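Please read the structure below before turning to the comments.
Predicted, not measured: the structure shown is a model, and the values here were computed from it. The chains referred to below are lettered A, B, ... by the order of the sequence lines, with proteins before strands, and numbering in each begins at 1.
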Amino acid sequence: MNALTREEIEREAERLGAPERRRKREAGLPELPGDTSRVVMRFAPNPSGPLHLGHARAAVLNHEYVRRYSGRLILRIEDTDPARVYPPAYEMIPQDLSWLGVEVHQVVVQSSRLDVYREHAEQLIRMGRAYVCFCDTEHFRRLRGRGEPCEHREQSVEENLREFGRMFSELKEGEAVLRLKTGMELRDPAMRDFPIMRISEVPHPRVDARVYPLMNFSVAVDDHLLGVTHVLRGKDHIVNTRKQEFIYRFFGWEMPEFIHYGRMKIEGVRLSTSEIRRGIEAGEYSGWDDVRLGTLRALARRGFMPEAVRRAVLEAGVKQSDISFSWKVLYAHNRQLVEPVADRYFFVASPARLVVEGIESFRARVRLHPDHPERGYRELVLSGRGGRAEVFIDRRDLERLEEGQVVRLMEGFNVLLRRAGGGEGVAEFHSRELEEAKRHGARLIHWVPAGEHVEVEVLRPEGRDTGVGEAALRSVEPGRVVQFERYGFVRIDSKDEAIVACYAHP
RNA sequence: GCUCCGGUAGUGUAGCCCGGCCAAUCAUGCCGGCCUUUCGAGCCGGCGACUCGGGUUCGAAUCCCGACCGGAGCACCA
């Protein structure tokens with residue numbers, strides 16, 4: 001029973017339907033450090049828009065670890081900067097997560113916890129570890145650079161408590177902040193008495209407030225209170241981790257384990273939610289799912305399966321070195337998922353008219369998928385008159401052909417090109433059989449019968465293609481991912497007089 | 001500038017903690033072939049890397065030092 005190779009065993013396992021054979025890539029993620037007996041992790045986006053590829057990495061990685069250790073995942077919406085809140089995002093983020101297959105066990109919205117931060121801030125003041133500072137940014141920065149304390153650092157606890165109270169009533173935005181007393185002599189200037197609470201008079205869509213915690217404070221308080229054991233985030237947070245350490249220390253709390261992964265450069269797409277938002281408002285983008293964007297909604301619209309996104313970001317892993325995200329890899333994962341299920345159709349992107357003489361009508365019954373006859377057939381119906389018929393072929397195919405050459409209209413018949421020019425061609429029926437085409441070394445090109453065709457527009461990240469598709473396309477319901485042969489995989493987006501498809505990849 | 005990280009094929013990744021099983025994994029890419037029909041899908045095969053220099057050691061991709069290169073942070077954003 002043991003004379004099997006690994007491949008044989010795997011094949012056998014597959015045949016028997018072994019349920020959850022762990023993928024290699026999952027196994028590739030390193031183990032989490034520290035105690036992993038009751039893992040609690042969190043995904044903490046700020047609600048400035050829907051999720052994009054960068055978020056997907058954080059969300060999927062956290063989810064994957066939580067799943068591996070049977071832990072819990074918290075979605076924490078970090079909306080403590082009212083200026084950056086985009087209200088619809090509160091709904092969009094959970095939607096995007098569920099599309100990704102990331103299930104969260106608890107949702108926390110920071111703006112609902114403002115009193116928690118206030119209480120903890122007061123506690124720090126009472127411990128003599130925080131003070132209300134009235135220095136303007138510029139002035140404090142200079143002092144900080146020299147390592148000198150400002151006059152407010154010496155205020156009494158009572159004074160600080162009183163001034164802190166005034167931040168909630170009469171003080172104006174920018175007049176005062178609450179600073180953590182970390183030490184002005186610290187080696188790293190960024191660590192010196194950094195602020196933890198501030199005033200913002202920008203109205204908040206969810207709450208009526210004017211004093212907000214700064215990220216490092218709310219994150220530390222929440223991570224502790226929510227029992228987070230492992231924090232997985234980008235390495236741009238390394239400095240924040242060190243800042244948060246002060247807060248843990250002052251409260252006497254135990255630090256969670258931190259893992260920082262490197263930056264992921266994504267070529268070609270715009271990810272910044274604020275920029276996208278401006279673009280949408282300016283009418284430059286059709287919406288958050290504009291196919292040119294790197295949002296998950298845009299990817300979904302183009303026909304990417306969530307699993308492909310998961311695999312691609314999982315593969316990127318948690319290394320601290322920066323990586324460039326490769327679209328090719330995402331394409332390959334998606335292709336692998338979609339290829340077996342995508343029905344095939346003919347679409348001619350830049351149509352050139354080809355008159356075929358010597359044939360008047362023709363009917364081809366073609367498999368929807370070359371490897372799966374059980375999925376059914378489509379029909380290509382050619383009907384001409386007067387001993388001739390017309391088809392559309394790709395202009396580039398026509399240009400590559402020389403007069404006197406034989407070419408096969410895939411799944412149809414072979415024609416001999418008589419003449420071509422001005423984006424049109426005239427050919428004559430040559431023969432029927434594929435063998436004959438091979439004998440002549442004929443190229444196989446796709447085609448669409450003229451007359452029966454449907455107008456098709458393909459939205460691509462870099463532009464749009466307009467062309468014609470075969471009649472059978474009319475009966476494909478929107479949302480389906482199909483392959484336009486010799487063109488690529490697309491998702492049928494909408495269907496009116498014309499069909500609109502969104503391009504995924506070759 | 002200061003503080004802190006990191007460097008395995010074109011790209012991503014495994015291996016590095018616990019040195020030998022690594023003439024280095026897997027995927028993608030590229031090249032070639034195959035396919036009763038995709039020069040653009042699929043299948044098969046091939047190509048391609050331990051940044052450099054020292055040191056430790058019988059032995060280093062793995063440990064140590066230095067150089068070089070790359071990155072992050074230095075906000076009353078997250």
Side-chain angles (χ1 to χ4, degrees), chain A residues 23-25 27-31 33 44-48 78-81 83-84 110 133 135-137 140-141 144-145 173-179 186-192 194-200 211-212 214-216 218-219 233-243 260 262-265 267 274 311-317 319-333 335-336 338-340 342 344 346 364 366-367 369-371 394 396-397 400 408-412 414 433-435 437-438 442-446 483-489 505-506:
Chain A
R23 274 190 313 279
K24 281 199 188 73
R25 293 303 158 195
L29 286 179
E31 296 294 316
N46 69 312
S48 55
E78 307 205 328
D79 56 348
T80 51
D81 179 6
R84 283 181 38 165
Q110 287 191 318
C133 174
C135 297
D136 67 85
T137 316
F140 189 84
R141 185 180 303 156
R144 186 184 63 180
E173 178 168 341
E175 279 182 350
V177 292
L178 185 70
R179 291 188 181 281
L186 261 25
R187 190 174 300 278
D188 184 351
M191 297 296 141
R192 296 172 188 164
F194 60 85
I196 56 173
M197 297 283 281
R198 60 140 185 177
I199 300 168
S200 172
V211 179
Y212 298 89
L214 267 336
M215 180 248 199
N216 282 308
S218 50
V219 163
R233 34 144 70 151
K235 74 176 182 187
D236 42 324
H237 286 294
I238 288 177
V239 175
N240 293 322
T241 299
R242 291 196 290 132
K243 287 186 178 181
H260 298 102
R263 302 265 294 190
M264 185 165 78
K265 281 185 281 252
E267 37 168 22
S274 53
R311 289 183 191 177
V313 297
L314 238 26
E315 214 167 76
K319 291 209 311 189
Q320 208 168 316
S321 44
D322 295 350
I323 58 170
S324 351
F325 177 84
S326 164
W327 285 99
K328 299 271 179 70
V329 171
L330 213 212
Y331 294 167
H333 283 301
R335 194 181 294 130
Q336 198 177 25
V338 133
E339 193 279 330
R344 313 298 155 108
F346 287 160
V366 186
R367 287 179 180 180
H369 188 113
D371 305 328
D394 192 294
R396 286 184 307 266
D397 283 331
R400 270 182 294 218
R408 178 169 182 81
L409 302 182
M410 282 168 66
E411 309 281 1
N414 313 316
E433 300 308 318
L434 177 63
E435 316 311 320
K438 287 185 170 168
R443 214 201 304 276
L444 273 46
I445 64 170
H446 58 117
Q483 189 201 44
F484 285 167
E485 288 196 55
R486 301 213 301 142
Y487 181 83
F489 291 92
H505 50 74

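- Place A:A316 and A:E411 on RNA chain B by their nearest nucleotides, and A:A316 ends up nearer the 5' end.
- Spacing of C1' atoms, B:A27 relative to B:G48, comes out at 14 Å, to the nearest Å.
- Taking side-chain N and O atoms only, A:T80 has a distance below 4.0 Å to OP1 or OP2 of B:A78.
- Between A:R486 and A:D397 a salt bridge is recorded (basic side-chain N to carboxylate O distance below 4.0 Å).
- Between B:C63 and B:C17, the distance separating the two P atoms is 5 Å to the nearest Å.
- The side chain of A:R311 places no N or O atom within less than 4.0 Å of a non-bridging phosphate oxygen (OP1 or OP2) of B:G12.
- With 3.5 Å as the limit, one finds a donor-acceptor pair spanning the side chains of A:R233 and A:T241.
- Scanning both residues, A:F489 and A:P506, for their nearest heavy atoms gives CD1-O, 3.7 Å.
- Of the listed nucleotides (B:G71, B:G73, B:A41), B:G73 has the atom at the smallest distance from the side chain of A:V239.
- If A:T137 and A:V329 are placed on RNA chain B by their nearest nucleotide, the residue sitting closer to the 5' end is A:V329.
- Residue contacts shown for A:G174 include a base, since a base heavy atom lies under 4.0 Å away.
- Atom CG in A:L214 sits about 10 Å away from atom C1' in B:A78, given to the nearest Å.
- When the side-chain hydrogen bond (donor to acceptor under 3.5 Å, both in side chains) test is applied to A:R367, no partner is found at least two apart in sequence or on another chain.
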In sequence, state the C-alpha distance, the side-chain angles, and the governing distance for A:V239 and A:M191, and then conclude on side-chain contact (heavy atoms from CB on, under 4.5 Å).
CA-CA 8 Å; A:V239 175; A:M191 297 296 141; 3.5 Å; yes
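- With B:G7, B:C76, B:C5 as the candidates, the nucleotide lying closest to the side chain of A:S321 is B:G7.
- A gap of 10 Å separates the C1' atoms of B:G15 and B:C50, to the nearest Å.
- Rounded to whole Å, the separation between the P atoms of B:U62 and B:C16 comes to 12 Å.
- Comparing atom distances between the A:D81 side chain and each of B:A75, B:G73, B:A78 picks out B:A78 as nearest.
- For the P atoms, the distance from B:G20 to B:C2 is 39 Å, rounded to whole Å.
- Taking only side-chain atoms of A:L434, from C-beta outward, the nucleotide of B:G40, B:C74, B:U37 with the closest atom is B:U37.
- Closest contact between the side chain of A:V177 and the listed nucleotides B:C74, B:C76, B:U28 involves B:C76.
- Within 4.0 Å of A:R242, counting heavy atoms only, lie sugar-phosphate atoms of the nucleic acid but no base atom.
- Between A:R335 and B:A27, a side-chain N or O to OP1/OP2 separation shorter than 4.0 Å is absent.
- Residue-level contact check: A:D394 touches neither bases nor backbone, having no heavy atom under 4.0 Å from any strand.
- Contact between the side-chain N/O atoms of A:S324 and the OP1/OP2 oxygens of B:G12 is found at a separation under 4.0 Å.
- Listed nucleotides: B:C76, B:A72, B:A41. Nearest to the side chain of A:P506: B:A41.
- At a cut-off of 3.5 angstrom, counting only N and O atoms as typed in the model, there is a donor on one side and an acceptor on the other between the side-chain of A:R400 and the base of B:C39.
- Applying the 4.0 Å criterion to OP1 and OP2 of B:U13, one finds that A:K319 has a side-chain N or O inside that range.
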Would you write the dot-bracket representation of RNA chain B, where each base gets (, ), [, ], | or . depending on whether it forms a Watson-Crick or G-U pair under 3.5 Å and with which partner?
(((((((..(((.......[.....)))((((((.......))))))...(((((..]....))))))))))))....
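- Formation of a donor-acceptor pair under 3.5 Å by the A:D394 side chain with backbone atoms of A:R396 is found in this model.
- Shown here for A:A342 and A:Q483, the closest heavy-atom pair between the two residues is CB-N, 3.9 Å.
- Taking only side-chain nitrogens and oxygens, A:K265 never comes nearer than 4.0 Å to OP1 or OP2 of B:U11.
- Residue contacts for A:N240: at a heavy-atom cut-off of 4.0 Å it reaches a base atom on one of the strands shown.
- Counting only heavy atoms from C-beta on, A:Q320 has its side chain closest to B:C5 among B:C5, B:C77, B:A78.
- Side-chain N or O atoms of A:R263 include none that pairs as donor or acceptor with a backbone N or O of A:G234 at under 3.5 Å.
- When the C1' atom is compared between B:U51 and B:C69, the two are found 8 Å apart, to the nearest whole Å.
- The C1' atoms of B:C26 and B:A49 are separated by 14 Å, rounded to the nearest whole Å.
- If you check every strand for non-hydrogen atoms under 4.0 Å, A:H237 touches a base.
- With P as the reference atom, B:C58 and B:C68 are 32 Å apart, rounded to whole Å.
- For B:C39, one of the phosphate oxygens OP1 or OP2 lies less than 4.0 angstrom from a side-chain nitrogen or oxygen of A:R486.
- Atom pair A:H446:NE2 and B:C39:C1' shows a separation of 11 Å (rounding to whole Å applied).
- At the heavy-atom level, A:P195 lies under 4.0 Å from the strands shown only through sugar-phosphate atoms.
- No side-chain heavy atom of A:I196 sits less than 4.5 Å from a side-chain heavy atom of A:N216.
- Between A:W327 and A:Y331, the angle of the ring planes lies from 30° to 60°, which puts this pair in the tilted group.
- Of all nucleotides listed (B:U37, B:A41, B:C76), B:U37 comes nearest to the side chain of A:M410.
- With distances taken from any side-chain atom of A:D397 to the nucleotides B:G40, B:A78, B:U3, the minimum falls on B:G40.
- Residue A:P340 is classed as having no contact, given no heavy-atom separation below 4.0 Å to the nucleic acid.
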